[in-house]
Protein chains: 2
Amino acid sequence: MKHLEKAAEQLAGHLAGGGLRLTRPRRAVLEAVMALDRHFEPAEIEKRAAAAGVHRASVYRILPVLEAAGIVRRVRDHPGRWHYEHVVGHQHHDHLVCERCGGVTEFASPAIESEQARQCRLHGFTETSHHFVIRGVCRQCRAGAAGRKEKTRGRR
Amino acid sequence: MKHLEKAAEQLAGHLAGGGLRLTRPRRAVLEAVMALDRHFEPAEIEKRAAAAGVHRASVYRILPVLEAAGIVRRVRDHPGRWHYEHVVGHQHHDHLVCERCGGVTEFASPAIESEQARQCRLHGFTETSHHFVIRGVCRQCRAGAAGRKEKTRGRR
DNA sequence: ATCCTTATTGCGACAAGGTCGCAGCAAGGA
DNA sequence: TCCTTGCTGCGACCTTGTCGCAATAAGGAT
(Lines give C-alpha, C1' and ligand atoms only; values in the text may rest on other atoms or scores of the structure.)
Protein backbone atom coordinates (compact mmCIF):
# COMPACT_ATOMS: atom_id res chain seq x y z
CA MET A 1 0.00 0.00 0.00
CA LYS A 2 1.68 3.13 -1.18
CA HIS A 3 -1.28 4.90 0.35
CA LEU A 4 0.68 5.00 3.55
CA GLU A 5 3.48 7.13 2.15
CA LYS A 6 1.01 9.41 0.53
CA ALA A 7 -0.89 9.78 3.77
CA ALA A 8 2.31 10.30 5.72
CA GLU A 9 3.25 13.10 3.40
CA GLN A 10 -0.17 14.61 3.78
CA LEU A 11 0.07 14.41 7.54
CA ALA A 12 3.51 15.98 7.56
CA GLY A 13 2.30 18.78 5.35
CA HIS A 14 -0.69 19.44 7.53
CA LEU A 15 1.35 19.46 10.70
CA ALA A 16 4.08 21.66 9.30
CA GLY A 17 1.56 24.24 8.28
CA GLY A 18 0.39 24.69 11.82
CA GLY A 19 3.40 24.51 14.07
CA LEU A 20 2.45 20.94 14.89
CA ARG A 21 4.84 18.03 15.28
CA LEU A 22 5.22 14.70 13.62
CA THR A 23 5.75 12.42 16.58
CA ARG A 24 6.31 8.72 16.98
CA PRO A 25 2.80 8.10 18.34
CA ARG A 26 1.28 9.99 15.47
CA ARG A 27 3.25 8.00 13.00
CA ALA A 28 2.25 4.79 14.75
CA VAL A 29 -1.43 5.63 14.68
CA LEU A 30 -1.18 6.63 11.06
CA GLU A 31 0.35 3.28 10.25
CA ALA A 32 -2.25 1.39 12.23
CA VAL A 33 -4.98 3.24 10.42
CA MET A 34 -3.52 2.68 6.99
CA ALA A 35 -2.97 -0.99 7.71
CA LEU A 36 -6.67 -1.45 8.21
CA ASP A 37 -9.46 -1.56 5.77
CA ARG A 38 -11.37 1.50 4.89
CA HIS A 39 -13.69 1.45 7.84
CA PHE A 40 -12.61 1.11 11.41
CA GLU A 41 -13.41 2.03 14.96
CA PRO A 42 -11.12 3.77 17.42
CA ALA A 43 -11.00 0.61 19.51
CA GLU A 44 -9.29 -1.22 16.70
CA ILE A 45 -6.62 1.43 16.40
CA GLU A 46 -6.33 1.61 20.13
CA LYS A 47 -5.40 -2.06 20.23
CA ARG A 48 -2.80 -1.81 17.49
CA ALA A 49 -1.36 1.40 18.82
CA ALA A 50 -1.06 -0.06 22.27
CA ALA A 51 1.14 -2.77 20.80
CA ALA A 52 3.37 0.03 19.63
CA GLY A 53 3.47 1.55 23.07
CA VAL A 54 1.02 4.32 22.37
CA HIS A 55 -1.35 5.16 25.17
CA ARG A 56 -5.09 4.89 24.78
CA ALA A 57 -5.70 8.54 25.46
CA SER A 58 -3.21 9.52 22.81
CA VAL A 59 -5.00 7.52 20.18
CA TYR A 60 -8.16 9.43 20.85
CA ARG A 61 -6.24 12.66 20.61
CA ILE A 62 -4.49 11.70 17.42
CA LEU A 63 -7.45 10.49 15.41
CA PRO A 64 -8.92 14.00 15.21
CA VAL A 65 -5.54 15.19 13.98
CA LEU A 66 -5.65 12.70 11.15
CA GLU A 67 -9.12 13.89 10.41
CA ALA A 68 -7.99 17.49 10.28
CA ALA A 69 -5.20 16.42 7.96
CA GLY A 70 -7.79 15.00 5.62
CA ILE A 71 -6.57 11.44 5.98
CA VAL A 72 -9.64 9.95 7.57
CA ARG A 73 -13.17 11.05 8.04
CA ARG A 74 -15.41 10.62 11.01
CA VAL A 75 -18.73 9.20 9.96
CA ARG A 76 -21.89 9.23 11.94
CA ASP A 77 -23.63 5.89 12.28
CA HIS A 78 -26.45 7.10 14.38
CA PRO A 79 -26.84 9.87 16.93
CA GLY A 80 -23.89 9.49 19.24
CA ARG A 81 -22.16 6.74 17.33
CA TRP A 82 -19.21 7.18 15.02
CA HIS A 83 -16.64 5.28 13.09
CA TYR A 84 -13.86 6.39 10.81
CA GLU A 85 -13.11 5.76 7.18
CA HIS A 86 -10.18 6.46 4.92
CA VAL A 87 -10.35 9.48 2.70
CA VAL A 88 -7.07 9.22 0.79
CA GLY A 89 -7.65 7.59 -2.52
CA HIS A 90 -11.38 7.28 -2.13
CA GLN A 91 -14.11 9.33 -3.66
CA HIS A 92 -17.44 10.07 -2.13
CA HIS A 93 -19.70 7.13 -1.50
CA ASP A 94 -22.59 6.04 0.64
CA HIS A 95 -23.03 2.92 2.74
CA LEU A 96 -24.89 -0.34 2.93
CA VAL A 97 -24.64 -1.70 6.47
CA CYS A 98 -25.49 -5.32 7.19
CA GLU A 99 -27.46 -5.81 10.37
CA ARG A 100 -26.22 -9.34 10.83
CA CYS A 101 -22.52 -9.30 10.22
CA GLY A 102 -21.97 -5.58 10.52
CA GLY A 103 -20.23 -5.52 7.18
CA VAL A 104 -20.11 -2.23 5.32
CA THR A 105 -20.37 -2.02 1.56
CA GLU A 106 -19.80 1.22 -0.25
CA PHE A 107 -21.60 2.45 -3.28
CA ALA A 108 -21.54 5.60 -5.34
CA SER A 109 -24.53 6.91 -7.17
CA PRO A 110 -24.45 10.03 -9.30
CA ALA A 111 -28.21 9.74 -9.58
CA ILE A 112 -28.60 10.17 -5.86
CA GLU A 113 -26.10 12.99 -5.76
CA SER A 114 -27.97 14.99 -8.36
CA GLU A 115 -31.37 14.28 -6.89
CA GLN A 116 -30.14 15.41 -3.56
CA ALA A 117 -28.82 18.60 -5.09
CA ARG A 118 -32.23 19.13 -6.61
CA GLN A 119 -33.94 18.68 -3.26
CA CYS A 120 -31.62 21.22 -1.71
CA ARG A 121 -32.35 23.72 -4.42
CA LEU A 122 -36.03 23.06 -3.95
CA HIS A 123 -35.85 23.92 -0.26
CA GLY A 124 -33.34 26.73 -0.52
CA PHE A 125 -30.90 24.63 1.44
CA THR A 126 -27.13 24.90 1.14
CA GLU A 127 -25.56 21.51 1.70
CA THR A 128 -22.28 21.12 3.50
CA SER A 129 -22.36 17.36 3.89
CA HIS A 130 -24.68 14.44 3.91
CA HIS A 131 -24.98 11.01 5.36
CA PHE A 132 -26.76 8.18 3.68
CA VAL A 133 -26.88 4.71 5.18
CA ILE A 134 -29.02 1.82 4.06
CA ARG A 135 -29.41 -0.92 6.63
CA GLY A 136 -30.40 -4.44 5.80
CA VAL A 137 -29.00 -7.86 5.13
CA CYS A 138 -26.12 -8.49 2.78
CA ARG A 139 -25.96 -11.17 0.16
CA GLN A 140 -23.70 -13.47 2.16
CA CYS A 141 -25.79 -13.34 5.31
CA ARG A 142 -29.01 -13.96 3.46
CA ALA A 143 -27.41 -16.88 1.69
CA GLY A 144 -26.13 -18.40 4.92
CA ALA A 145 -29.80 -18.74 5.76
CA ALA A 146 -29.85 -19.94 9.37
CA GLY A 147 -27.94 -16.77 10.02
CA ARG A 148 -24.36 -16.85 11.00
CA LYS A 149 -23.28 -16.58 14.58
CA GLU A 150 -23.03 -13.08 15.94
CA LYS A 151 -19.52 -11.90 16.36
CA THR A 152 -18.64 -11.90 20.06
CA ARG A 153 -19.95 -8.76 21.56
CA GLY A 154 -18.65 -6.71 24.44
CA ARG A 155 -17.99 -9.47 26.89
CA ARG A 156 -14.78 -11.22 27.29
CA MET B 1 -50.90 6.83 21.47
CA LYS B 2 -53.03 3.77 21.04
CA HIS B 3 -49.89 2.05 19.91
CA LEU B 4 -49.15 1.47 23.55
CA GLU B 5 -52.22 -0.66 24.19
CA LYS B 6 -51.59 -2.60 21.08
CA ALA B 7 -48.02 -3.24 22.10
CA ALA B 8 -49.03 -4.13 25.64
CA GLU B 9 -51.40 -6.72 24.31
CA GLN B 10 -48.69 -8.08 22.08
CA LEU B 11 -46.31 -8.29 24.99
CA ALA B 12 -48.84 -10.04 27.20
CA GLY B 13 -49.56 -12.53 24.47
CA HIS B 14 -45.92 -13.25 23.91
CA LEU B 15 -45.22 -13.72 27.59
CA ALA B 16 -48.24 -15.90 28.20
CA GLY B 17 -47.20 -18.21 25.43
CA GLY B 18 -43.91 -18.95 27.09
CA GLY B 19 -44.54 -19.25 30.78
CA LEU B 20 -43.19 -15.75 31.18
CA ARG B 21 -44.57 -13.06 33.44
CA LEU B 22 -45.88 -9.58 32.89
CA THR B 23 -44.19 -7.64 35.65
CA ARG B 24 -44.23 -4.05 36.71
CA PRO B 25 -40.73 -3.34 35.39
CA ARG B 26 -41.62 -4.84 32.04
CA ARG B 27 -44.69 -2.73 31.82
CA ALA B 28 -42.69 0.35 32.74
CA VAL B 29 -40.07 -0.27 30.10
CA LEU B 30 -42.75 -0.92 27.52
CA GLU B 31 -44.31 2.42 28.32
CA ALA B 32 -41.00 4.24 28.17
CA VAL B 33 -40.29 2.70 24.81
CA MET B 34 -43.65 3.53 23.33
CA ALA B 35 -43.42 7.09 24.56
CA LEU B 36 -40.33 7.63 22.46
CA ASP B 37 -39.89 8.15 18.78
CA ARG B 38 -39.13 5.44 16.34
CA HIS B 39 -35.42 5.13 17.04
CA PHE B 40 -33.91 5.09 20.48
CA GLU B 41 -30.97 3.91 22.47
CA PRO B 42 -31.07 1.83 25.63
CA ALA B 43 -29.65 4.74 27.58
CA GLU B 44 -32.77 6.75 26.92
CA ILE B 45 -34.99 4.00 28.23
CA GLU B 46 -32.67 3.44 31.11
CA LYS B 47 -33.18 7.02 32.21
CA ARG B 48 -36.94 6.91 31.99
CA ALA B 49 -37.20 3.51 33.59
CA ALA B 50 -35.00 4.60 36.44
CA ALA B 51 -37.54 7.30 37.20
CA ALA B 52 -40.04 4.48 37.56
CA GLY B 53 -37.79 2.65 39.95
CA VAL B 54 -36.54 0.10 37.47
CA HIS B 55 -32.92 -0.88 37.77
CA ARG B 56 -30.45 -0.35 34.97
CA ALA B 57 -29.64 -4.01 34.65
CA SER B 58 -33.30 -4.86 34.36
CA VAL B 59 -33.75 -2.52 31.45
CA TYR B 60 -31.04 -4.30 29.55
CA ARG B 61 -32.71 -7.60 30.34
CA ILE B 62 -36.14 -6.42 29.36
CA LEU B 63 -35.32 -4.84 26.02
CA PRO B 64 -34.49 -8.23 24.48
CA VAL B 65 -37.83 -9.47 25.76
CA LEU B 66 -39.62 -6.70 23.90
CA GLU B 67 -37.61 -7.64 20.89
CA ALA B 68 -38.66 -11.26 21.18
CA ALA B 69 -42.23 -10.06 21.48
CA GLY B 70 -41.87 -8.30 18.17
CA ILE B 71 -42.40 -4.85 19.62
CA VAL B 72 -39.01 -3.39 18.87
CA ARG B 73 -36.08 -4.41 16.78
CA ARG B 74 -32.46 -4.28 17.65
CA VAL B 75 -30.47 -2.80 14.83
CA ARG B 76 -26.79 -3.02 14.37
CA ASP B 77 -25.12 0.21 13.43
CA HIS B 78 -21.64 -1.09 13.31
CA PRO B 79 -19.82 -3.96 15.01
CA GLY B 80 -20.56 -3.64 18.69
CA ARG B 81 -23.01 -0.80 18.29
CA TRP B 82 -26.75 -1.13 18.49
CA HIS B 83 -29.87 0.90 18.80
CA TYR B 84 -33.52 -0.05 18.79
CA GLU B 85 -36.41 0.97 16.64
CA HIS B 86 -40.13 0.43 16.82
CA VAL B 87 -41.27 -2.40 14.69
CA VAL B 88 -44.64 -0.78 14.14
CA GLY B 89 -43.54 0.38 10.73
CA HIS B 90 -43.82 4.08 10.26
CA GLN B 91 -43.50 5.91 6.96
CA HIS B 92 -39.96 6.95 6.38
CA HIS B 93 -38.91 10.45 5.44
CA ASP B 94 -35.52 12.02 4.96
CA HIS B 95 -34.13 15.15 6.56
CA LEU B 96 -32.44 18.43 5.88
CA VAL B 97 -30.76 19.55 9.07
CA CYS B 98 -29.62 23.13 9.48
CA GLU B 99 -26.28 23.46 11.20
CA ARG B 100 -27.06 26.94 12.48
CA CYS B 101 -30.57 26.90 13.81
CA GLY B 102 -30.89 23.17 14.17
CA GLY B 103 -34.10 23.20 12.22
CA VAL B 104 -35.19 20.02 10.50
CA THR B 105 -36.98 19.97 7.19
CA GLU B 106 -38.46 16.76 5.91
CA PHE B 107 -38.54 15.73 2.30
CA ALA B 108 -39.55 12.71 0.31
CA SER B 109 -38.03 11.80 -3.01
CA PRO B 110 -39.31 8.93 -5.11
CA ALA B 111 -36.26 9.36 -7.28
CA ILE B 112 -33.97 8.61 -4.38
CA GLU B 113 -36.11 5.75 -3.20
CA SER B 114 -35.97 4.03 -6.54
CA GLU B 115 -32.29 4.67 -7.05
CA GLN B 116 -31.64 3.25 -3.65
CA ALA B 117 -33.63 0.16 -4.51
CA ARG B 118 -31.56 -0.20 -7.62
CA GLN B 119 -28.34 0.03 -5.65
CA CYS B 120 -29.56 -2.66 -3.27
CA ARG B 121 -30.42 -4.95 -6.13
CA LEU B 122 -27.03 -4.25 -7.60
CA HIS B 123 -25.29 -5.38 -4.42
CA GLY B 124 -27.61 -8.24 -3.52
CA PHE B 125 -28.60 -6.28 -0.45
CA THR B 126 -31.98 -6.59 1.25
CA GLU B 127 -32.93 -3.27 2.75
CA THR B 128 -34.80 -3.05 6.02
CA SER B 129 -34.45 0.67 6.54
CA HIS B 130 -32.37 3.64 5.60
CA HIS B 131 -31.21 6.88 7.06
CA PHE B 132 -30.53 9.89 4.91
CA VAL B 133 -29.56 13.23 6.36
CA ILE B 134 -28.29 16.27 4.53
CA ARG B 135 -26.59 18.83 6.70
CA GLY B 136 -26.12 22.42 5.71
CA VAL B 137 -27.65 25.85 6.08
CA CYS B 138 -31.31 26.55 5.62
CA ARG B 139 -32.76 29.40 3.63
CA GLN B 140 -33.62 31.55 6.64
CA CYS B 141 -30.23 31.25 8.26
CA ARG B 142 -28.40 31.99 5.08
CA ALA B 143 -30.55 35.06 4.48
CA GLY B 144 -30.17 36.68 7.86
CA ALA B 145 -26.78 35.87 9.32
CA ALA B 146 -28.78 34.80 12.33
CA GLY B 147 -27.09 33.88 15.57
CA ARG B 148 -25.77 30.37 15.60
CA LYS B 149 -25.85 28.11 18.54
CA GLU B 150 -22.75 26.04 19.03
CA LYS B 151 -23.40 22.36 19.46
CA THR B 152 -22.01 21.21 22.79
CA ARG B 153 -19.28 18.83 21.88
CA GLY B 154 -17.27 16.23 23.69
CA ARG B 155 -18.00 16.85 27.36
CA ARG B 156 -20.83 15.17 29.00
C1' DA C 1 25.69 18.94 17.71
C1' DT C 2 23.32 21.26 21.56
C1' DC C 3 19.95 24.18 23.45
C1' DC C 4 15.13 25.71 24.26
C1' DT C 5 10.50 26.41 23.66
C1' DT C 6 6.30 24.29 23.93
C1' DA C 7 3.44 20.84 21.46
C1' DT C 8 2.47 16.29 22.79
C1' DT C 9 2.53 12.19 25.43
C1' DG C 10 1.78 8.87 29.32
C1' DC C 11 -0.58 8.26 33.34
C1' DG C 12 -4.17 7.71 36.46
C1' DA C 13 -8.84 9.00 37.47
C1' DC C 14 -13.31 9.31 36.15
C1' DA C 15 -18.01 9.07 33.62
C1' DA C 16 -21.24 6.44 31.05
C1' DG C 17 -22.77 2.27 28.72
C1' DG C 18 -23.41 -2.46 29.41
C1' DT C 19 -23.15 -7.36 31.62
C1' DC C 20 -23.05 -10.88 35.33
C1' DG C 21 -23.92 -13.73 39.65
C1' DC C 22 -26.70 -14.01 43.40
C1' DA C 23 -30.17 -13.93 46.86
C1' DG C 24 -34.70 -12.25 47.74
C1' DC C 25 -39.22 -11.12 45.70
C1' DA C 26 -43.52 -11.81 43.52
C1' DA C 27 -46.61 -13.47 39.44
C1' DG C 28 -49.99 -16.52 38.80
C1' DG C 29 -51.38 -21.49 38.47
C1' DA C 30 -52.68 -25.20 41.90
C1' DT D 1 -53.45 -19.13 50.36
C1' DC D 2 -49.59 -21.77 48.97
C1' DC D 3 -45.66 -22.78 46.20
C1' DT D 4 -42.82 -22.90 42.28
C1' DT D 5 -39.65 -20.47 39.77
C1' DG D 6 -39.28 -16.53 36.60
C1' DC D 7 -37.71 -11.77 37.63
C1' DT D 8 -35.70 -8.07 39.87
C1' DG D 9 -32.52 -5.10 42.56
C1' DC D 10 -27.95 -4.84 43.83
C1' DG D 11 -23.29 -4.26 43.43
C1' DA D 12 -19.02 -5.55 41.19
C1' DC D 13 -16.72 -5.21 37.05
C1' DC D 14 -15.47 -4.48 32.04
C1' DT D 15 -15.21 -1.25 28.00
C1' DT D 16 -15.09 3.07 25.59
C1' DG D 17 -13.88 7.72 25.70
C1' DT D 18 -12.21 12.16 28.07
C1' DC D 19 -9.51 15.22 31.24
C1' DG D 20 -5.76 17.47 34.09
C1' DC D 21 -1.13 17.45 34.84
C1' DA D 22 3.72 16.73 34.94
C1' DA D 23 7.31 14.78 32.13
C1' DT D 24 9.04 14.28 27.45
C1' DA D 25 10.71 15.13 23.08
C1' DA D 26 10.19 17.45 18.25
C1' DG D 27 12.67 20.52 15.59
C1' DG D 28 13.96 25.48 14.73
C1' DA D 29 17.56 28.39 16.62
C1' DT D 30 22.27 28.78 17.93
Side-chain angles (χ1 to χ4, degrees), chain A residues 8 11-32 40-69 74 76-84 102 150-156, chain B residues 8 11-30 32 40-69 74-84 151-156:
Chain A
L11 212 207
H14 168 73
L15 295 174
L20 304 181
R21 297 166 183 175
L22 179 50
T23 63
R24 188 187 58 71
R26 280 180 183 167
R27 214 173 325 225
V29 170
L30 207 221
E31 272 164 38
F40 63 88
E41 294 186 57
E44 191 61 39
I45 302 302
E46 183 187 323
K47 207 167 13 176
R48 289 171 174 253
V54 178
H55 192 276
R56 236 151 56 71
S58 296
V59 171
Y60 287 102
R61 279 182 293 220
I62 291 173
L63 249 13
V65 171
L66 296 192
E67 189 186 7
R74 196 188 204 192
R76 180 196 229 97
D77 279 330
H78 206 67
R81 307 266 67 116
W82 309 78
H83 76 263
Y84 286 84
E150 285 291 0
K151 211 54 196 132
T152 50
R153 294 189 300 110
R155 278 351 262 101
R156 207 292 31 156
Chain B
L11 212 206
H14 168 73
L15 295 175
L20 304 181
R21 298 167 182 173
L22 179 49
T23 62
R24 189 187 57 71
R26 281 180 182 167
R27 215 171 325 223
V29 170
L30 206 222
F40 63 89
E41 293 184 57
E44 192 61 41
I45 302 302
E46 183 187 322
K47 209 169 7 176
R48 289 170 175 255
V54 179
H55 193 274
R56 235 149 58 73
S58 296
V59 171
Y60 287 102
R61 281 183 292 221
I62 291 173
L63 251 11
V65 171
L66 296 192
E67 188 186 8
R74 193 190 206 189
V75 180
R76 176 181 222 139
D77 281 330
H78 210 67
R81 292 303 171 204
W82 310 79
H83 77 265
Y84 286 85
K151 264 302 166 104
T152 46
R153 49 161 277 289
R155 314 304 289 98
R156 255 184 261 179

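Just so it is clear, the values below take in all heavy atoms, side chains as well, and ignore hydrogens, waters and symmetry mates. Each chain gets a letter, A, B and so on, in the order its sequence line appears, and its residues count up from 1.
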Seminar exercise, completed: Those residues at least two apart in sequence (or on a different chain) that pass salt bridge (charged side-chain N to carboxylate O under 4.0 Å, His left out) with E31(A) are none
Exercise. Rounded to the nearest Å, what distance is computed from the CD atom of residue E46(A) to the P atom of nucleotide dT15(D)?
Worked result: 10 Å
Exercise. How many Å lie between CG on L63(B) and C1' on dT8(D), as a whole number?
Worked result: 16 Å
For this session: Using a 4.0 Å heavy-atom cut-off across all strands, classify R26(A) as base, sugar-phosphate, or nothing.
Result: sugar-phosphate
Problem set entry | Base dG10(C) paired with R56(A) side chain (donor-acceptor, <3.5 Å) | no
Problem set entry | Whole angstrom value for the distance that separates P of dA7(C) from CG of L11(A) | 18 Å
Exercise. Rounded to whole angstrom units, what separation is found between the NE2 atom of H55(B) and the P atom of dG9(D)?
Worked result: 8 Å
Seminar exercise, completed: From NZ of K47(A) across to C1' of dT15(D) the rounded distance in Å is 12 Å
Please report, to 0.1 Å, the donor-acceptor pairs under 3.5 Å made by any side chain of residues 46-69 of chain A, with sequence neighbours excluded.
from   : atom 1 : to     : atom 2 : distance (Å)
E46(A) : OE1    : Y60(A) : OH     : 3.0
H55(A) : ND1    : A57(A) : N      : 2.9

For this session: Represent DNA chain C in dot-bracket notation, 5' to 3'. Only Watson-Crick or G-U wobble pairs with both distances under 3.5 Å count; pseudoknot-style crossings use [ ] and interstrand partners use |.
Result: ||||||||||||||||||||||||||||||
Exercise. When you check the phosphate oxygens OP1 and OP2 of dG18(C), does a side-chain N or O of Y60(B) lie under 4.0 Å from one of them?
Worked result: yes
Seminar exercise, completed: Whole-Å distance, E44(B) CD to dG18(C) C1', equals 16 Å
Exercise. Which residue lies toward the 5' end of DNA chain D, G19(B) or V59(B), if each is placed at its nearest nucleotide?
Worked result: G19(B)
Seminar exercise, completed: Nearest heavy-atom approach of L22(A) to L15(A) is CA-CD1, 3.6 Å
Problem set entry | d(NE2, H14(A); C1', dT8(C)) in whole Å | 14 Å
Problem set entry | Options dG12(C), dG18(C), dC22(C), nucleotide nearest the side-chain atoms of R61(B) | dC22(C)
Exercise. Y84(A) OH to dT16(D) P: how many Å, rounded?
Worked result: 15 Å
Identify each atom pair where a protein N or O and an N or O of nucleotides 26-28 of chain D are less than 3.5 Å apart, giving names and distance.
from    : atom 1 : to     : atom 2 : distance (Å)
dA26(D) : N3     : R21(A) : NH1    : 3.3
dG27(D) : OP1    : L22(A) : N      : 2.8

Exercise. Which residue pairs pass the side-chain hydrogen bond (donor to acceptor under 3.5 Å, both in side chains) test with at least one member in residues 14-28 of chain A, sequence neighbours excluded?
Worked result: none
Problem set entry | Residue whose closest nucleotide on DNA chain C lies nearer the 5' end, V54(A) versus P42(B) | V54(A)
